[in-house]
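To start, the structure itself, in structure tokens.
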Amino acid sequence: MHASTRRTYLSGLILAAALLVVGFLLPAWLLFTVTKAIGYGLVALGIITLMRGGLVSFGQGLVYCIGAYAAGLLATRIGVTEAPLLLLVGMVASGLVGLLVGPLIARYRGIFFAMLTVALSMVLYGILVKMNAIGGSDGFTLPEPTFFGWQPDVGTSDLALYVTAVIVACAAATACRLYYDSMAGMMALAVRENELRVEYLGSSVFNVTVRNFAIAAALGGLGGSLNAMALGHIDPLFSFWTTSGEFVFISVLAGHLSVGAVFVSALILELVRSFSNRYFPETWQMIIGIFLIATIIFLPGGVGSLFQRVLKRGPAAGRGESAENEGRAAP
Amino acid sequence: MYDVLTILVDGVVYASWLFIVALGLTLIFGVLRILNIAHGSMYAIGAYAAVTLAPLAPALGLPPVFSLLAMLIAALAVAIVLAPLMERGLLRLFYGRDEVLILLITYAVFLILEDVSKLIWGVNPYYLFEPRNLFGTVEIGDLFYVGYDLMLIALAAVCGLAVWLGLNKTKVGKIVLAVIHNPDVSACMGVNIARIYLLAFFVGVFLAALAGAFTAPLISVQPGISVSVIILSFAVVIIGGLGSIPGAAIGAVVVGIVRAAAVYELPEAEIFIVYLVMAIVLVFRPEGLFQRTQARKI
Amino acid sequence: MSGTPLKQALKGLMAGAALAAFGVGAAGQASAEETFKIGVVTFLSGQAAESFGVPAWDGGRLLIEKLNAGEVPAPYDTVGFGGMKIEAIPIDEAGGATKQVQEFRNLVQREQVDAVVGYVSSGDCLAVAPVADELKALTILYDCGTPRIFEDGQYEYAFRTAAHATMDNVSIARYLQARGVEIDSIAGLNQDYAWGHDSWRDFTASMGQLYPDADVVAELFPAFGAGQYGTEISALMRERADVVHSSNWGGDLQSFILQSMPRGLFQRSQVVFSAGDHVIPALGNNFPEGVILGARGAYGLMSPDTPLNNWWFETYQERYGVIPVQAPYRMAQALLGLKSAIEKAMAANGGARPTTDEIRMAMKGHEWEAPGGLIQMKLGNGHQAIQPTAIGTTAKDSDGNITVVDIERFAAECVNPPAGQNSVDWINAGFPGAQCE
């Protein structure tokens, strides 16, 4: 095993262990907020994967929603409540959709790619609103998940989901880091810099894009099924454009320098929203808007760049990507 | 036969206000390469400004026609206040950054303006009744239409024509076209890019506010009216081709008529038919119906 | 505006100081320093703010203030909830069910509220009810429409203190029959989401029972928040249906009225609005005459002539300068229900502060008098209210002001399904067990 690969595995493990311990100390409301933030963070991690190839999807609600509905329908219609299975099904369902949709939209760039994904997610939204058999616009409620046959009681089910979320998040982050650092993952950076050169060098931009899109979709589905279980209720708003907007916000806030940053920035967004809602119930949207602009102005490299500054080439962050930092200014 | 006529009339009436909004959106995108989510807020604030100013005309004892003038002034006032604030004060900081990043900035502005307009005008609805009575009713087939609604079609045509003539037949317009084509070279030729950007953004905001102001008599002006406008006008410009004026016109008419036809023939599909059309157009003509393909940069 | 947190903190301090200085406190009841903390969740922004959320919170705020001052008429003249001052935390309901589940958890787990009162949107109610049970948090769903909550599910800690939407449409159909309106064809324009679809389904099913020969000639479902109804109005005008039904609310209803009025829809068809009362204050005398409308209960212009209602109507009107419509009424009946259940629980346990479970048991199957009439928790195993309702027709009074006349009142058992019955099945079976006087 390559030394850096081992280091990535190790840091993933250490982080997971640390977060699991923290979980036992967190108050209940924060436990839930972190779980939900991890769900959002997973979707945003998918957007980061796309961003490395120069694409931003403004319609990740599509795959988030498909993952949630796949898990939800499996749980309510067939009665499968096993959390790991639901997560897997959500991920696979969205991944398959990603593989189907990917080739259709892989030709597009920039704003067109973003808008096409919005269009697709809004079509799904419209269809789900119409489907009264599965709750229409009101959505439906999921049963409590079980974990390998174990049905946790009320107090521990939040913790059980948190543990699941942490394990999934650390596994996904580690896998993404390994993928980003692999030859296949590095191709994305090359695609972003200059597609034509990549083609001339004998690689397929199309393949890279489709692969990244499918990975992003699978991550989105994972986040969707996780949040479906955490929230216990899903509705078509999962696919609405404002939901997708939040995912993009989280990814931009995180920046693409660190895979851990997405989860931190998802949590930041959740906390800002929750506390502004509590103390400024009439103007919380304005506060989120101002917060959003402020972070983009004052933290152009995202939360990930802070990590880098603090950790100075820390274990999981920023290896081999310092060149990327300078490359950002280019359109 | 009546069906076709009704669908056409209803579709075109619907298209008219949508076209004015989309025209502003597409102009801003054409010149500044910014897809402005806050465009919907400009529409909403235009409507709010109109319901605030227009009642002044009868209050001052002026004939009711002056309320139309007041609505125009309201739209102008919105553009004078908001366009420099947003373009010079905020967006300028992000030129050269990722298109999607700026998209996100405008999303933030949308969130802020949503609450700001609530702070200014509260949550209670406002109405504007007088202007809608100015043009009487017209009988088409066995249906009555309000003259004001049909007048909106004329207003949309005037707006479209004015922008087209302004771009193609005036010196400033030609400079704008040059900037659209290549901002860097234009700057080298001595064009004040910042001023052109501000001008285009100003006209774009004015058009959104104008559409809001002239739609105000039809609707209840209250929080939340911006949301559906945003996504609809996006669909229009995507269908027509971002940055294209005839594209915006065709896009608006397509959306209007498809929606009207859906109401009659396929009511189940009304909620997503617009997005479906948008997705189909994008799959077959990714740059929209009216956009020339651009050379790839090597 | 509820004021900044600083202001609220100051207010709290001042109230505390006043209490300390004057030794105010209802002796013999739970101690006066004790507060009962509730989260109030309703729309403060977005489309539903104007029509439901803000009037509801206005009403809630006013009632809480009056309750804390002990100024509400009997039997609600004790201070606060059984002597405990009520402290309310308002939360915006805008943002979808996902956000509401999270904010609900925050209210219960972080803010440690004693109860949550809220939710206009059916989707939010459906999402929050299971979480209420999971967290064992007392939750009063004060408004939302869907019958699904207690028909598809069973919850121990969630209660709905207002009748569900089936009542609105059954009573409209009964009104048409009672007034002897002749109907051969009906058409509908409803918003394209669960509320619109459910309302239309209940209405057509009820009409199928009462008017078996009437045909449905058009069913239109414009998108929620569409704002422009030109095409739909043309379609409705073409069909010349005898009755046009709409459950639209808020801006969508106002825009529909504004756009259809000059085109003569109200002359061509008898229009019925199943939940239309709340746009009367907004549209004022521009509201069309001859429209049959409901208020989702005996509320506002159709409220009964009782001392409690007269006090509530006048107090609200005096404070806010408009008449109270359905939203403040529904909020008031939730708060009064909670108050009476708490006091019932305290009477049972000897005046000590009741636990959540004690309140829950008191609330189950509870009955109390509200401004809109007697509320009875008869459905959903004692968790879902039924209530009397009223339907009327708009007209201009002698001063030219819009008002509601020809009011018909319906007993709760007449327009609500009996316990254990699914609403749709009940309608389709021909309203078995309905008791109408």
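A note on names: the letters A, B, ... follow the listed sequences, proteins ahead of strands, and every chain is numbered from 1. Worth saying up front: this structure is predicted, and the values here are computed from it rather than measured.
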Legend entry - Within residues 117-127 of chain C, residues adjacent to chain A where the heavy-atom gap is under 4.5 Å: C/Ser122, C/Gly123, C/Leu126, C/Ala127
Legend entry - Heavy-atom closest pair, residues A/Ser137 and C/Ala194: OG-N, 2.7 Å
Inset, instruction - Considering only heavy atoms and a distance below 4.5 Å, find which of C/Lys99, C/Glu103, C/Gln102 pairs most often with chain A. - result: C/Gln102
Inset, instruction - Kindly give the heavy-atom pair with the smallest separation between C/Asn106 and A/Ser274, and that separation in Å. - result: ND2-OG, 2.6 Å
Legend entry - C/Ala97 to A/Leu237 - nearest heavy-atom pair and separation: N-CD1, 4.5 Å
Legend entry - Contact origin within A/Glu144 toward chain C - heavy atom pairs under 4.5 Å: side chain
Legend entry - C/Arg110 to A/Phe32, cation-pi by 6.0 Å centre distance and 45° axis angle: no
Inset, instruction - Rounded to the nearest 0.5 Å, what's the gap from CG on A/Asp138 to OH on C/Tyr193? Could you check? - result: 8.5 Å
Inset, instruction - Under 4.5 Å heavy-atom distance to chain C, tell me which part of A/Phe240 shows up: side chain, backbone, both or neither. - result: neither
Inset, instruction - Look at C/Glu111, C/Arg148, C/Arg105, C/His197 and state which one has the largest set of heavy-atom pairs under 4.5 Å with chain A. - result: C/Arg105
Inset, instruction - Please say whether more than 12 non-hydrogen atoms of neighbouring residues, nucleotides or ligands are located less than 6.0 Å from CD in A/Gln151. - result: yes
Legend entry - Region of A/Asn227 in contact with chain C, defined by heavy-atom distances below 4.5 Å: neither
Legend entry - Residues of residues 132-141 of chain C contacting chain A, heavy-atom criterion under 4.5 Å, by residue number: C/Glu134
Legend entry - Which portion of A/Leu231 sits near chain C, non-hydrogen atoms under 4.5 angstrom: both
Inset, instruction - Measure A/Asn132 against the heavy atoms of chain C and call it side chain, backbone, both or neither at under 4.5 Å. - result: side chain
Legend entry - Nearest atoms (heavy-atom pairs only) where C/Ile91 meets A/Arg278: CD1-CA, 4.0 Å
Inset, instruction - Count the heavy-atom pairs under 4.5 Å between each of A/Pro236, A/Gly136, A/Gly135, A/Ala28 and chain C, then report the option with the highest count. - result: A/Ala28
Legend entry - Heavy-atom pairs under 4.5 Å with chain A, option from C/Val128, C/Thr98, C/Asp198, C/Asp152 with the top count: C/Thr98
Legend entry - Toward chain C, the part of A/Ser157 with a non-hydrogen atom under 4.5 Å: side chain
